[in-house]
Amino acid sequence: MLETTTKCEQCHNASCIIRINALGEEMKAFLATKHNIQCKRGQQFILEGAPVHGLYFVYKGKAKVVKTGFQGKEQIVRLAKDGEIIGHRGFGSREAYQISAVALEDSTLCYFKNDALKQMLLSFPKLTYDFMLFYAEELNLSENKVRKFAQMTVREKVIDSILYMYRKFGQDGDILNIQLSRKELADLAGTTDEQVTRTITSLKNENLIRTQGKQLGVVNIELLRREVLEHNFFLNS
DNA sequence: GCATTAATTGGTC
DNA sequence: GACCAATTAATGC
């Protein structure tokens with residue numbers, strides 16, 4: 001395995017919670033306990049039900065966080081890009097992970113073991129505070145997600161998912177910087193791959209998005225936004 | 001090039 | 001709007 005040991009002090013992920021707090025000498029000993037893991041595309045690095053052993057960060061790459069339902073039905077809880085935390089729900093408890101995590105492309109991960117992280121959190125209030133803010137935001141997002149699944153139509157859910165990918169990963173030229181299969185998009189939107197295919201065909205015919213092979217691209221961001229915004233407005237009122 | 005998997009399309013409930 | 005089936009496209013080996 002490639003032991004590329006990344007230095008937090010020089011990390012390109014300016015928004016990483018560890019990176020933000022990586023200043024100062026006292027932190028160095030803790031940062032030295034970090035491990036780097038190389039993950040191939042499709043490789044699973046957190047298994048739902050397995051005992052919690054630590055916390056991951058995406059150093060470089062993309063990953064999906066998945067919850068498995070009854071008949072092998074999967075729900076993509078979120079997508080993660082450079083600098084983002086994965087596995088934080090399990091932290092603190094001695095229980096099992098409630099989610100699985102799979103690399104969507106060849107990725108490099110940072111990994112802290114439970115004990116090391118615990119010591120860090122006890123030692124650095126600013127770090128702990130930033131973690132708390134992060135947890136609060138996560139809770140907010142998942143509450144919104146509940147609403148989405150309960151009340152949006154399939155078309156709206158697919159649009160919302162495409163906008164989510166657009167927000168998070170951006171778009172070079174006219175193609176999104178992330179590629180999901182129809183099945184994965186369905187798992188993200190909370191529908192079936194057939195419905196996703198049909199919705200994509202419609203959106204393409206309406207010139208709201210475009211496709212290039214399996215790649216997706218946003219053409220008319222304003223109209224797409226409007227469709228889900230109207231919905232949100234309705235829900236908020 | 002062949003075999004497997006993914007995407008699309010049409011139909012039923 | 002989910003599930004199933006048939007066809008076609010894409011991908012891996």
Side-chain angles (χ1 to χ4, degrees), chain A residues 1-2 37-48 60-81 99-108 141-221 223-235:
Chain A
M1 185 193 285
L2 278 165
I37 295 168
Q38 297 289 337
C39 244
K40 285 268 190 329
R41 181 175 123 83
Q43 191 176 337
Q44 186 169 49
F45 57 92
I46 298 179
L47 179 65
E48 189 172 348
K60 187 140 191 43
K62 298 178 177 66
K64 61 175 177 181
V65 179
V66 180
K67 214 167 166 38
T68 309
F70 296 106
Q71 277 100 24
K73 286 193 204 311
E74 295 198 330
Q75 173 67 55
I76 295 183
V77 177
R78 54 186 258 270
L79 301 171
K81 62 175 175 181
I99 48 94
S100 293
V102 180
L104 290 171
E105 57 184 46
D106 293 357
S107 303
T108 305
L141 288 176
S142 64
E143 281 169 358
N144 283 339
K145 204 166 288 179
V146 171
R147 196 176 67 177
K148 161 179 166 177
F149 277 91
Q151 298 180 267
M152 287 176 114
T153 65
V154 163
R155 180 182 164 104
E156 286 165 340
K157 287 194 278 192
V158 172
I159 290 176
D160 195 52
S161 300
I162 292 172
L163 290 175
Y164 171 69
M165 295 193 289
Y166 183 88
R167 272 200 310 277
K168 176 156 281 193
F169 299 96
Q171 181 163 298
D172 273 344
D174 47 12
I175 293 298
L176 287 171
N177 286 325
I178 179 172
Q179 189 184 334
L180 295 181
S181 68
R182 297 288 182 266
K183 171 72 167 52
E184 285 169 326
L185 196 44
D187 292 343
L188 179 63
T191 181
T192 60
D193 45 348
E194 294 97 329
Q195 294 278 37
V196 167
T197 295
R198 289 179 220 274
T199 307
I200 285 176
T201 305
S202 302
L203 294 175
K204 200 162 59 171
N205 289 336
E206 294 168 46
N207 216 25
L208 297 174
I209 63 170
R210 71 190 304 276
T211 60
Q212 192 178 88
K214 291 182 176 181
Q215 317 253 80
L216 279 184
V218 171
V219 172
N220 195 330
I221 186 79
L223 279 179
L224 289 174
R225 275 197 188 125
R226 200 168 301 164
E227 272 200 50
V228 290
L229 271 183
E230 277 173 18
H231 190 81
N232 285 336
F233 176 75
F234 173 68
L235 285 172

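Chain letters run A, B, ... following the sequence lines, proteins first and then strands; every chain starts at 1. Note: hydrogens, waters and symmetry copies are ignored here, and every other heavy atom, side chains too, is used.
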Note: E105(A)-R41(A) ion pair, threshold 4.0 Å (strictly below): no
Short side-chain N/O contact from T197(A) to OP1 or OP2 of dT9(B), under 4.0 Å: no
Interatomic distance where CD belongs to Q75(A) and P belongs to dA2(C) [whole Å]: 12 Å
Interatomic distance, D187(A) CG vs dA6(B) C1' [rounded to whole Å]: 14 Å
First encountered from the 5' end of DNA chain C, between K157(A) and R41(A): K157(A)
Among dA2(C), dT8(B), dA6(B), the nucleotide that comes nearest once only the side chain of S181(A) is considered: dA6(B)
For atom CZ of R182(A) and atom P of dT8(C), their distance in whole Å: 19 Å
Distance, rounded to the nearest Å, where E184(A) contributes CD and dA6(B) contributes P: 9 Å
Between dA7(B) (P) and Q215(A) (CD): distance, integer Å: 12 Å
Audit row: F45(A), I37(A), side-chain contact (heavy atoms from CB on, under 4.5 Å) steps and yes/no: CA-CA 9 Å; F45(A) 57 92; I37(A) 295 168; 5.8 Å; no
Sugar-phosphate only, base, or nothing, as touched by K73(A) at under 4.0 Å among non-hydrogen atoms: sugar-phosphate
Salt bridge R155(A)-E227(A), side-chain N to carboxylate O under 4.0 Å: yes
Whole angstrom value for the distance that separates C1' of dA7(B) from NZ of K183(A): 14 Å
Among dA10(C), dA2(C), dT8(B), the one nearest K214(A) by side-chain distance: dA10(C)
Nearest listed nucleotide, side chain of T192(A), among dC3(C), dT8(B), dG1(C): dC3(C)
Nucleotide dA7(B), atom C1' - distance to CD of E194(A) in whole Å: 10 Å
Closest to side chain of R198(A), choosing from dG11(B), dA2(C), dA6(B): dG11(B)
Length of the CD-C1' vector between Q195(A) and dG1(C), whole Å: 5 Å
Expected output: side-chain D106(A) to main-chain K40(A) donor-acceptor under 3.5 Å: no
Residues S107(A), K60(A); criterion side-chain contact (heavy atoms from CB on, under 4.5 Å); working and verdict: CA-CA 6 Å; S107(A) 303; K60(A) 187 140 191 43; over 6 Å; no
